[in-house]
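Have a look at the structure below before the remarks.
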Amino acid sequence: MKESEYRIPGASVTVHGSHFADQIPSPGGLKAQVDELERRLQLEHIARVDAEAVAKRGLNDLYESQRKLDLLQRVATAANQSGSVDEALRFAIHDICQFTGWDIGHAWRRAAEGEHLVPTGIWWARDPESVKRFMDLSAEMSLAIGEGLPGQVLADGAAHWIVDLSCDPNFLRAPVAERCGLRSAFAFPVKAGTEVAAVIEFFASEHLHRDDALLQLFDQIGTQLGRVIERKRAEEKLVYEALHDPLTGLPNRALFTQSTRMALRRCRRDPDSLFGILFLDLDGFKLVNDGLGHAAGDQLLIECGERLRSTLVEAERFAATVGRQWPRWVLARLGGDEFTILLESMESLEQANEIAGELHKALEAPYVFDAQEVFVGSSIGIAHGGPHYLDVTDIMRDADLAMYEAKAEGRGRTAIFDQAMHHRADVRLQLENDLRRAVSREQFLLEYQPIVRLSDTALLGFEALLRWRRDDQAAPLQPDDFIHVAEETGMIVPIGNWVLQEACAMMAKWQHGIGNRTPAIKMSVNISPKQFLQPTFLAQVRSALDRSGIEPGTLQLEITEGVAVMDPRRTAAQLEMLRRWGVRISIDDFGTGYSSLAYLHKLPFDTLKIDRAFVVQMDGDPAMQVIVKAVLDIAAFLEREVIVEGVETEEERRQLIALGCTAGQGFYFGRPMDVGTVERLLERRRRPRDPIADAA
Ligand code: C2E
Ligand code: MG
Ligand code: MG
C-alpha cells in the first residue's frame with residue numbers, strides 16, 4: 001500500500017488509496033484540483049462557524065429562558081410556602097430586583113373599602129439611603145384608579161413601562177424620583193381572579209427600553225402572587241366563618257369561649273383585674289318568631305345584634321372623651337336569642353351593671369315589621385369572673401343562671417349571680433320535672449271566680465282559674481308559682497288544652513243540670529300566648545265545644561294583648577273564625593302590656609278586661625280614674641264590653657259604676673271557688689237577687 005500526503009493551508013489531509021498514485025494528474029491539473037478542494041474546505045469552515053454561532057445563541061436564549069423559568073418557579077414556590085401575602089410580595093420584589101438588576105421595588109395594596117391603592121410599606125432597595133425621600137413620599141400617598149403609575153395599572157389591569165419618568169405626565173412622583181436618580185419604571189398587577197388586588201412597581205437608575213418578554217414574565221408572576229391572595233382570602237373566610245355567627249356577623253360561641261378562656265388565664269395571673277360576663281336573652285323573642293315568622297325573627301336578631309354592638313361602641317367612645325377607663329369587650333351571639341358580652345379590665349364591678357342598663361335601654365325601643373311596632377326587651381344575667389373559676393363553662397353557666405333569675409323577676413331585668421342561685425336552679429328543675437308529670441297524675445284542678453253585673457251583683461259568668469295540687473302539698477299552688485315555667489317549657493300547651501276541655505265539660509254540666517233553669521252564664525278560659533299560637537289551637541277549641549256540647553256563645557276565651565300584638569293578621573283571622581263559631585273573645589289584663597291602640601279596633605273581640613292594677617290605684621290616684629274612664633270611652637266607641645278586674649271594696653264598686661263600668665270581678669264579689677261551692681251557688685241562684693258574695 002502506498003501513502004501520499006498533501007498539505008493545504010489551514011488544513012491537513014491525508015489521502016489513502018491503493019490506486020490514487022496511479023492517477024496522479026499533471027502539474028496544471030493538480031493545482032486546479034487543489035484550489036477546488038481549498039474552496040470547498042473554506043465553505044465548510046464558514047458553515048461550521050455559523051453553525052457554532054447559532055448554537056451559542058440558542059444556548060444563550062436557553063440560558064435566559066432557564067433563568068426566567070427559575071425566577072418564576074422561585075416566586076411560585078415562595079408564594080405557596082409563604083405564611084402571608086406580605087411575605088410573598090416581599091420575596092417577589094427582592095427576587096425580581098436581583099433578576100433584573102433594577103434598583104428598587106415596592107408594592108401597593110388595593111384598599112379593603114373603596115377603589116384606590118395604598119402603600120404596603122413593603123420595599124426592596126439596593127441603596128435605601130439614596131432613595132429615602134422617594135420612599136417617604138410614596139408612603140404618604142393613596143392613589144385613585146388611573147392616578148400615577150400604580151393607578152394606571154389598577155385601571156387597566158395590565159403592566160406598564162415608563163422609559164423616561166421625567167417625560168410621563170401621569171407619573172406624580174417625578175420630581176422626587178429625579179432627585180433620587182430614578183429614570184425608568186415598570187409596574188404590573190397582582191390579580192386575584194379578575195380583580196387587581198395589588199400593584200408592584202420597580203425603578204431603575206438608567207433609561208431602560210421596554211422589554212415585552214420581561215413584561216410577559218411579570219404577568220405570570222402577578223398571576224402566581226394573585227393565587228396567594230386568593231388562597232389567603234379563602235383561608236381567612238374559612239376562619240372567619242368558623243368563629244362568627246352568619247346571621248349577625250358577631251363572634252360566635254367558639255370565639256367567645258376562646259376569648260373568655262384567655263380572660264380567665266389573664267385573671268389568674270392578675271387577680272385584681274376585674275372581668276365579667278353578661279348573658280343576655282331576649283324577652284318574647286319566641287312570640288315574634290312563632291307569630292311573625294322566621295324571616296321576621298331573623299331580622300329582629302340582626303337588629304338586636306346591631307343595637308348591642310353600636311351601644312357598646314358608643315359607650316366606649318364616650319368613655320374615651322371623658323377619660324374614663326372602659327373595659328375591653330367582646331360581644332357574641334351564642335345562638336337563638338342569646339347574646340353574651342365579655343368585659344375585661346373593668347373600672348369597678350358596678351360597671352357591668354351600668355353597661356347592662358345601657359343594653360336594656362337599647363333593646364327596649366320598638367322594632368318595626370311591616371309598618372307594625374313590636375316590643376322586645378331583654379333579661380341579663382351577670383357573673384363576675386375571678387381566679388376561682390377554673391373553666392369557661394362554669395362562669396357561662398353562672399351567668400346563664402343569673403339570666404334565668406332576671407327573667408323570672410319579669411321583663412327587662414338584670415340579676416347578678418350569687419351562690420344561692422344554684423339552689424334555686426335545683427328547685428326550679430324539680431318544679432319542671434314535677435310539672436311534666438302533673439297532667440298524667442291528674443294533679444290539676446280548676447277554681448271558678450264569678451263575674452257579675454256591678455249594679456246588682458247578678459251573676460254573668462265565671463273565670464276558670466288553674467290550680468296545681470303538687471304531690472303532698474296541702475294547699476294547691478297558684479298559677480303565679482308555676483304558670484311561667486309551664487309557659488317557658490311549652491308544657492302550657494297540654495295543660496291549657498286540659499283546662500279548656502275541663503272548663504267546657506263543667507259548663508255543660510251546669511247548663512244541663514242546674515243552670516238551664518236560669519239565664520245563660522258564660523265561662524271564661526285563659527289562653528296562653530303559646531297555646532294560641534299552636535297550629536292545632538282552633539281544633540282544640542272545636543273539640544272542646546263538640547265534646548261538651550255547650551253553646552259556643554257561652555265560652556269566652558281570654559287572650560292577652562301580647563298575642564294580639566304579635567301577628568295581628570293571623571291573630572285576627574283566628575279570632576274571626578272563633579267568633580264565627582259563636583265563641584266570644586276577651587282581651588285580658590288590658591293596659592299592662594304594650595298594646596297598640598292603633599290596631600286594637602281592627603281586632604275582632606267582644607270584651608276588654610281592665611287589669612286589677614288600675615283599680616287598686618284608683619283610690620289614691622285620680623289619674624287612674626281618668627285612665628279607666630278613657631279605656632271605657634274607647635271600648636264604648638269600639639262597641640266592646642268591659643269587665644273590670646280586682647274589685648275588692650264597695651267604694652271601688654261605687655266609683656266604677658260612677659265611671660260607667662257595668663261588669664266586674666273581684667274578691668268583693670267572690671274569690672275563686674271550687675266546683676262544690678259553685679254548684680251550691682247556682683242552686684241558690686234560683687232565688688232572685690241573691691248576692692253571690694253570700695254564697696261564696
Ligand atoms: P287573670 O286571668 O287576670 O286572672 C285573674 C287573677 O286575679 C286570678 O289570679 C284571680 O284570683 C285574681 N283576682 C281576681 N280578683 C281579685 C281581687 O279582687 N284581688 C286580687 N288581689 N286578686 C284578684 P290567679 O288565679 O292567681 O291567676 C293568675 C293568672 O294566672 C291569671 O290572671 C291568668 O293570667 C293566669 N292563669 C290562671 N289560670 C290559667 C289557665 O288556665 N291558663 C292560663 N294560660 N293562664 C292562667
Ligand atoms: Mg284571665
Ligand atoms: Mg286578668
Side-chain angles (χ1 to χ4, degrees), residues 287 410 435 438-439 443-452 454 457 461-468 475-507 522-534 537 540-541 544 555-564 584-593 605-619 642-653 656 661 663-674 677 692-693 696:
L287 287 177
L435 198 54
V439 176
Q443 290 179 334
F444 290 114
L445 58 132
L446 293 179
E447 287 192 337
Y448 302 90
Q449 186 180 29
I451 297 172
V452 302
L454 292 181
T457 70
F462 291 97
E463 175 172 7
L465 294 162
L466 182 65
R467 306 290 181 253
W468 175 20
L477 293 184
Q478 303 291 304
D480 285 352
D481 297 329
F482 63 89
I483 211 114
H484 62 283
V485 179
E487 178 77 30
E488 278 159 34
T489 53
M491 277 180 279
I492 193 67
V493 175
I495 296 172
N497 191 30
W498 176 85
V499 172
L500 191 59
Q501 310 293 330
E502 176 71 12
C504 288
M506 200 51 73
M507 193 63 190
K522 295 186 181 67
M523 176 67 85
S524 291
V525 176
N526 291 288
I527 302 298
S528 103
K530 212 167 244 174
Q531 195 185 354
F532 185 83
L533 291 168
Q534 282 290 308
F537 177 64
Q540 285 176 6
V541 177
L555 177 62
Q556 179 136 342
L557 299 181
E558 297 193 0
I559 61 165
T560 54
E561 300 168 79
V563 168
R584 294 171 59 86
I585 306 296
S586 295
I587 305 291
D588 202 359
D589 306 339
F590 184 75
T592 56
F605 69 93
D606 306 275
T607 308
L608 267 186
K609 291 189 82 173
I610 299 182
D611 194 70
R612 182 159 61 88
F614 296 98
V615 179
V616 169
Q617 294 174 60
M618 216 169 52
D619 218 5
V642 169
I643 297 175
V644 62
E645 296 182 310
V647 184
E648 293 188 353
T649 64
E650 169 57 25
E651 176 58 16
E652 283 166 356
R653 179 177 89 119
L656 288 164
C661 264
Q665 162 184 6
F667 292 173
Y668 179 67
F669 307 110
R671 290 185 177 255
M673 45 188 91
D674 60 26
T677 312
I692 287 148

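Whatever order the structure lists them in is the order used to number ligands and atoms, beginning at 1.
Of the N or O atoms in Asp480, none lie within a sub-3.5 Å distance of an N or O in ligand 1. For ligand 1, the polar-atom distance check finds an N/O of Gln449 within less than 3.5 Å of one of the ligand's N/O atoms. Looking at ligand 1, you'll find an N or O of Asp588 within less than 3.5 Å of one of its N or O atoms.
Residue contact check: Glu648 has heavy atoms under 4.0 Å from atoms 17 (C), 18 (O), 19 (N), 20 (C), 21 (N) of ligand 1. Atoms of ligand 1 lying under 4.0 Å from any heavy atom of Pro672, numbered from 1 in the order shown and given with element: 11 (O). The atoms of ligand 1 that sit less than 4.0 Å from any heavy atom of Val499 are 41 (O).
Ion pairing between a basic and an acidic side chain is recognised when a charged N comes within 4.0 Å of a carboxylate O; Glu645 and Arg612 show no such pairing. Taking the charged nitrogens against the carboxylate oxygens, Glu487 and Lys530 have no contact shorter than 4.0 Å, which rules out a salt bridge.
Between the side chain of Gln443 and the backbone N or O of Val439, no donor-acceptor pair lies under 3.5 Å.
Looking at Pro479, Pro450, Ala464 and measuring to atom 30 (O) of ligand 1, the nearest heavy atom belongs to Pro479.
No heavy atom of Glu487 sits closer than 4.0 Å to any atom of ligand 1. Heavy atoms of Arg467 come nearer than 4.0 angstrom to ligand 1 in at least one pair. Residue Gly496 places every heavy atom at 4.0 Å or more from ligand 1.
Take the N/O/S atoms of Glu558: the one nearest the Mg ion (ligand 2) is OE1.
Seen from the Mg ion (ligand 2), atom OD1 of Asn526 and atom OD2 of Asp588 lie 90° apart in angle, a value rounded to 10°.
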